[in-house]
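Letters A, B, ... mirror the listed sequences (proteins, then strands); counts begin at 1.
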Amino acid sequence: MSTTLPHPDLGVQTNYLTADYGWKSWLFTTDHKRIALLYLFSITAFFFVGGAFAVMMRINLLSPNGVFAHDTYNKLFTMHGVIMVFFFLVPSIPATLGNFLIPPMIGARDLAFPRINLLSWYIYIAGGVLALSAIVRGGVDTGWTFYAPFSSTYSNTHVILAAMGVFVAGFSSILTGLNFIITIHTMRAPGMYWSRLPLFVWGHYATALIQVLATPVLAITLFLLGLERVLHTGIFDPNLGGDPVLFQHLFWFYSHPAVYIMILPGMAVMSELIACFSRKAIFGYGFVAFSSVAIAVLGFLVWGHHLFVAGQSMYASMVFSFISFLVAVPSAIKVFNWTATMYQGSISYETPMLYAFGFIGLFTIGGLTGLFLATMAIDVHVTDTYFVIAHFHYVMVGGMVMAYLGGIHFWFPKISGRLYPESWAKFAALVIFVGFNLTFFPQFILGYLGMPRRYATYAEEFHVLNVMSTAGASILGFGYLIPMIYLAWAWRYGPKSPQNPWHAKGLEWEQSPTPPPTFNFIEPPIVTEPAYNYAGSDKEASLG
Amino acid sequence: MAESDVALQRPSELRHHFDDVVQQREASTLGMWAFLATEVLFFGGMFCAYTIYRSAYHGAFESTSQFMNVTIGGINTGVLICSSLTMALAVRAAQLGQKKPLIWLLILTLVLGGVFLGLKGVEYHEKYVEHHVPGPGFRYAEAQYAHQAELLFFLYFAMTGLHALHMIVGAGLITTLIVMAARNRFSAGWYTPVDMIGLYWHFVDIVWIFLFPLLYLIGHTK
Amino acid sequence: MSHPVVPIKVYVAVFLALITLTVTTVGVSKLELGEFNFVAAMTIAVVKAMLVVLFFMHVKQASTMTKLFVVAGFFWMAILFVFTLSDYFSRGWLPGGKWW
């Protein structure tokens with residue numbers, strides 16, 4: 001029997017949404033679930049800002065004549081990247097679904113440091129305000145990668161303001177990661193051994209490791225960049241004896257692991273969705289858990305593959321290339337294990353599962369094209385072309401954003417206490433899938449044919465494919481709007497959700513009310529079964 | 001075993017989401033070390049940049065090393081080590097619930113930190129007078145090393161400046177501890193902030209333990 | 001209790017060791033030992049840091065997980081160093097690689 005008391009607040013009458021009212025109860029909350037919603041709201045807002053820049057870019061690329069001045073175009077792709085990477089994708093799943101679900105999934109009442117959790121949101125907002133000021137005051141044109149010496153010496157845009165915004169937002173990421181690591185280490189309920197943790201938690205643990213260990217190096221890089229921009233001492237300027245490649249080393253030491261921050265949480269969601277909608281335990285649980293950590297660790301050893309043509313030594317490049325091949329292995333293991341999970345499972349096609357199918361296909365394409373890029377001989381030809389852009393949009397949008405939407409739909413009943421309209425959701429998922437592929441598949445071809453990235457214009461021979469891509473983008477944009485509308489509608493007017501509409505396993509579904517009370521549980525949970533024990537309680541899934 | 005048999009005394013320092021003080025303390029300690037790990041990587045980036053440039057420009061580095069004030073650097077190292085001792089003793093006093101020694105040791109740590117910053121200021125002033133502060137006012141006697149020397153001095157100021165900034169933050173945190181201790185907030189049962197800020201202070205000392213030989217001692221032309 | 005109370009004399013002993021090592025490192029730096037100057041200085045610095053970590057920061061008495069966290073931070077910094085320096089170190093192996 002647990003030695004903890006049921007806390008007086010653990011009544012059934014109120015849930016975390018109704019426990020208190022008023023703006024102060026939201027802005028000064030320490031409840032991880034409310035903080036998750038604060039993040040959800042702000043992250044969605046930034047998605048729109050980043051998306052608006054994408055729309056403008058695609059409009060410009062409808063024809064080689066363009067619409068915007070070339071300098072303006074440079075600002076558009078820079079701000080699109082900065083907002084989408086640092087203010088949307090990096091926080092997305094961890095700060096919303098991770099914040100909301102990790103405590104109930106491990107049987108805890110809150111994260112280890114609730115006030116630091118709230119602080120991380122305020123820091124994120126502060127960083128966002130700085131980034132938005134850079135936009136409002138005229139933008140930045142260096143690319144989201146801030147390469148020196150252009151960013152340090154030659155650019156006439158608001159580099160320092162944007163860099164400060166990213167610097168500040170980085171601390172939000174560090175604090176979130178720190179909170180997750182400590183929570184998962186110290187606050188698991190009795191019986192919740194590491195080997196029983198949902199893979200969602202394992203994935204976020206691996207992500208948190210990266211957030212804590214990589215982000216500080218970005219911070220010092222931007223700090224040095226800012227000082228260089230002011231003092232011009234030459235740390236990254238070849239004219240003054242500095243090395244621009246040093247900037248790239250320091251920048252990518254963070255930014256490569258950062259791309260794993262931008263996929264591991266998606267994979268974490270995937271395991272939950274596939275297990276539930278196949279009514280089966282994840283095949284090879286241990287392998288999937290280990291792969292999450294392996295991706296996080298190996299991801300720190302490959303950053304030089306962004307420097308293949310930058311002047312890095314051939315020998316270092318070979319090492320980075322080889323390890324980049326290695327890091328594909330755990331990702332592949334996960335895809336194989338998800339597929340094996342579905343084999344002889346009892347599959348149903350609710351919206352979250354549709355997003356999961358999308359993820360598997362699109363992430364696989366994105367991941368495989370990553371291997372092409374890791375191959376130096378190919379990279380020399382396709383680096384800095386649209387091939388790279390297609391690759392990372394396949395993994396980040398076709399992968400991560402799909403998983404994000406799948407997760408939002410899956411846990412929407414848990415978070416809101418209501419059900420979303422399934423037909424509209426399925427329709428939106430299909431529109432998004434079609435729109436996405438029409439936008440980005442032509443970009444693989446464009447890149448292979450030689451169209452450079454970050455160019456406001458292009459040769460006439462690329463015209464048709466660009467038109468296709470822009471057409472796809474408009475479909476994709478429309479597709480993203482649909483869930484915004486019906487989810488907002490369902491939040492207020494959707495039918496009330498039962499306790500466990502998906503009959504999913506997991507403490508958050510089985511032992512935490514829907515929606516949860518402030519401290520997540522009525523009775524402190526004690527865990528006695530492994531994760532994904534679908535066969536244990538359901539009618540026999542496949543062999544009966 | 002009925003609920004009423006379970007200890008009903010939840011200590012006031014025990015936050016609601018923790019089960020017991022042991023769990024809370026382990027979480028605090030791990031949390032602070034995770035934060036210190038981020039600080040290692042933060043400073044590490046600059047140490048990396050510094051290592052590359054001093055290897056590449058060893059001629060300029062040897063030339064600039066004569067301007068590093070080993071005396072002040074050495075005294076400052078001693079001062080910080082003393083402050084680490086007083087901090088460790090302060091944490092021990094907190095652990096034993098000894099309020100007066102705790103406060104005095106914290107004040108002593110603060111004073112030693114102030115001495116360090118004062119001596120740093122003297123050093124920086126020296127550099128300023130010699131026109132070795134990077135920026136428009138920079139001048140270097142050996143013209144062939146001018147650019148490289150400015151780069152190396154930039155790294156010197158960036159690294160020691162960031163370290164000094166961390167010390168100033170630490171001084172602020174220690175001041176907060178002194179106020180809290182004076183108001184009887186700590187006891188032998190709960191003194192976590194003293195423990196945690198102690199860890200932070202020791203870490204700042206460790207950064208200096210590496211900065212001192214790297215910047216002041218190695219490569220000196222004697 | 002998080003850890004047993006450390007006797008004052010342990011702290012003082014560590015303090016004296018740190019001061020001694022500081023004096024040593026200054027002394028050694030005045031000798032002409034070529035490359036070994038760097039090795040000696042860094043070794044002494046590592047020993048000093050370990051004394052602070054193990055005794056002043058109580059890691060010697062801490063849980064295994066704490067020890068792992070401590071090592072992880074330094075290990076990750078080592079990754080940054082080793083891989084970045086390996087690039088610069090190997091630049092000269094092919095013509096035109098070094099700019100310095």
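- Neither the backbone nor the side chain of A:Leu175 has a heavy atom closer than 4.5 Å to any heavy atom of chain B.
- Ring centroid separation for the pair B:Phe138 and B:His131 does not come in under the 6.0 Å cut-off.
- For A:Leu231, the parts lying near chain B are the backbone and the side chain together; criterion is any non-hydrogen pair under 4.5 Å.
- Partners of A:Asp31 under the salt bridge (charged side-chain N to carboxylate O under 4.0 Å, His left out) rule, at least two apart in sequence or in another chain, are A:Lys33.
- Residues that satisfy the salt bridge (charged side-chain N to carboxylate O under 4.0 Å, His left out) test with B:Glu123, not counting sequence neighbours, are B:Lys120.
- Inspection of the A:Arg229 and A:Thr153 side chains reveals no N or O donor paired with an N or O acceptor under 3.5 Å.
- Only the side chain of B:Tyr53 comes within less than 4.5 Å of a heavy atom in chain A; its backbone stays farther off.
- Taking 4.5 Å as the heavy-atom cut-off, the residues of residues 139-162 of chain B that approach chain A are B:His147, B:Glu150, B:Leu151, B:Phe154, B:Leu155, B:Ala158, B:Leu162, ordered by number.
- Looking only at heavy-atom pairs under 4.5 Å with chain B, the residue among A:Ile174, A:Val230, A:Leu227 that has the most is A:Leu227.
- Ring geometry for A:His249 against A:Phe320 counts as tilted: the plane angle lies between 30° and 60°, on a 0 to 90° scale.
- Below 30°, between 30° and 60°, or above 60°: for B:His163 and B:Trp208 the angle between ring planes is between 30° and 60°, a tilted geometry.
- Contact between B:Tyr50 and B:Leu214 at its shortest, heavy atoms only, is OH-O, 3.2 Å.
- Taking the ring centroids of A:Phe253 and A:Phe300, they lie under the 6.0 Å cut-off.
- Residues satisfying the ring-ring contact (aromatic ring centres under 6.0 Å, His included) test with A:Tyr315, not counting sequence neighbours, are C:Trp93.
- Contacts of A:Leu213 with chain B are made by both backbone and side-chain atoms, with heavy-atom separations under 4.5 Å.
- In this structure, chain B has heavy atoms under 4.5 Å from both the backbone and the side chain of A:Asp243.
- Of the listed residues (A:Leu246, A:Ile235, A:Ile182), the one with the most heavy-atom contacts under 4.5 Å to chain B is A:Ile235.
- Ring geometry for B:His166 versus B:Phe42: interplanar angle of 30 to 60°, hence tilted.
- Ranked by heavy-atom pairs shorter than 4.5 Å toward chain A, the options B:Pro134, B:Ala34, B:Gly45, B:Ala27 are led by B:Ala27.
- Contacts with chain B were tallied for A:Ala214, A:Ala108, A:Ala112, A:Gly177; A:Ala112 has the most, counting heavy-atom pairs under 4.5 Å.
- Proximity to chain B (any heavy atom under 4.5 Å) is shown, for A:Ala219, by both the backbone and the side chain.
- For the pair B:Arg15 and A:Asp110, the salt-bridge criterion is not met [side-chain N within less than 4.0 Å of a carboxylate O].
- Interface residue A:Leu178: only side-chain heavy atoms are found under 4.5 Å from chain B.
- Using a 30° and 60° split on the angle between ring planes, A:His256 and A:His306 fall in the tilted class, from 30° to 60°.
- The contact between A:Leu250 and chain B is made entirely by side chain atoms (from C-beta outward), counting heavy-atom distances below 4.5 Å.
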